[in-house]
Asks: 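The structure follows.
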Amino acid sequence: MAQLKVRKSGKALSRFAVAAIATALVAAGAGAASAGGSAPAHPLPNMPVLTVPHARSLAVAADPDPAANPVFPLLGIDNAGDAWAYGPNGSGGLTARTQEGSLPNVRDDAFVDNNADGYLDGEWTWNNDGTLHYLVDYNTPDQLIGGGWNIYDKQLSPGNLGGAQGYDIVARDSAGVLWLYLGYSDGTVTSRIQVGGGWQVYTQLAGKGDLDGDGKADIVARDTAGVLWFYKGTGDYHAPFAPRTKIGAGWNMFNSLVSTGDVDLDGRTDLLARDTNGGLWLYKGTGNAAAPYEPRVQIGTNYNIYRLMTS
């Protein structure tokens, strides 16, 4: 990912560079147009990225389904509105952060992989004024998708939920109703489709990729009692999730859950969790719906400096 150093009105331009040379991490950066389409005010900052499109590690030479287990950066926005990005470091943790501009007006953000190669090629941003924008690459001005998104208190893009190639959006309104927006490759979305009610019982929703090995995007949800639930993706936009199954209790020790896809580059989708002291923990995916995560491993500290963590 690469983003303009100075962003206006909470907007940004993004690019996730990928080059097929060895299983290593490099820093990639380039010049860019501004959100308004003018010449760049600053060069793009460097962003550590995985350099082999479908390589995950020395042990896994090629991911058989990169679209189902994508590799995205973690984006953190601090209280000053500065945005910071972390990539996978190739050994199960994250790289040192790189500054990705100023996003004081962004209340949520989601990376997408609309060409199904397992890597970032677009970005939705939800601003405080209720507008949704879509960003494609460093040469293209951002696109206003629409307004009125302030009716939702949570939105995320876990992947392709409706059977087409593009990423989709799920959004929860203040009454606890969950809605699905099917996404197109240009960032536009269909009219919303009601998924179901009662989702106000959840304090965290997360997902980016496939957790049970069937190639379909899934999500997890934590309820007010601290129980984490697994919602298996069906691939049918009329009913995108199967009935929930329990993963485990005790998850109220975390104040943020976010998936960036495959963190440890083993070809399985993982979960990141931040505890109340700012510790960052990795739950490695197993590919097994009955027990989707291995025991947690701490991979960082001081992540409580961020008001928002997303991917």
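The basis for the numbers below is simple: all heavy atoms, side chains too, and nothing from hydrogens, waters or symmetry mates. Note that the numbering runs from 1 along the sequence shown for the chain.
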Asks: Are Leu282 and Leu94 linked, directly or through other ILVMFWY residues, by side chains that come within less than 4.5 angstrom of each other?
Replies: yes
Asks: At their closest point, which heavy atom of Tyr293 faces which heavy atom of Gly285, and how far apart are they?
Replies: CD2-CA, 4.2 Å
Asks: Do Trp179 and Leu132 sit in one hydrophobic cluster, given that two such residues count as connected whenever their side-chain heavy atoms are within less than 4.5 Å of each other, even indirectly?
Replies: yes
Asks: Between the main-chain N or O of Thr224 and the side-chain N or O of Asn252, is there a donor-acceptor pair closer than 3.5 Å?
Replies: yes
Asks: Can you sort out the partners of Phe230 under ring-ring contact (aromatic ring centres under 6.0 Å, His included), two or more places apart, ordered by chain and number?
Replies: none
Asks: Are the aromatic ring centres of Tyr181 and Trp149 under 6.0 angstrom apart?
Replies: yes
Asks: Distance-only, no hydrogens or angles: does the Asp82 side chain make a donor-acceptor pair with backbone N or O of Ser102 under 3.5 Å?
Replies: no
Asks: Please check if the side chain of Arg274 supplies one atom and the backbone of Tyr306 the other of a donor-acceptor pair under 3.5 Å.
Replies: yes
Asks: Cationic tip of Arg222 within the cone over Trp251's six-membered ring, i.e. under 6.0 Å and within 45° of the normal?
Replies: no
Asks: With Arg172, which residues qualify under salt bridge (charged side-chain N to carboxylate O under 4.0 Å, His left out), at least two apart?
Replies: Asp153
Asks: Do we see a donor-acceptor contact under 3.5 Å between the side chains of Tyr134 and Asn114?
Replies: yes
Asks: As a test of understanding, state which of Val112, Leu120, Val258 forms a side chain to side chain contact (heavy atoms under 4.5 Å, CB included) with Phe72.
Replies: Leu120
Asks: Any donor-acceptor pair under 3.5 Å linking the side chain of Asp264 with the backbone of Gly92?
Replies: no
Asks: Under 4.0 Å between a side-chain nitrogen and a carboxylate oxygen: does that hold for Asp212 and Lys232?
Replies: yes
Asks: Can you name the nearest heavy-atom pair linking Ser311 to Pro73, along with the distance?
Replies: OG-O, 2.8 Å
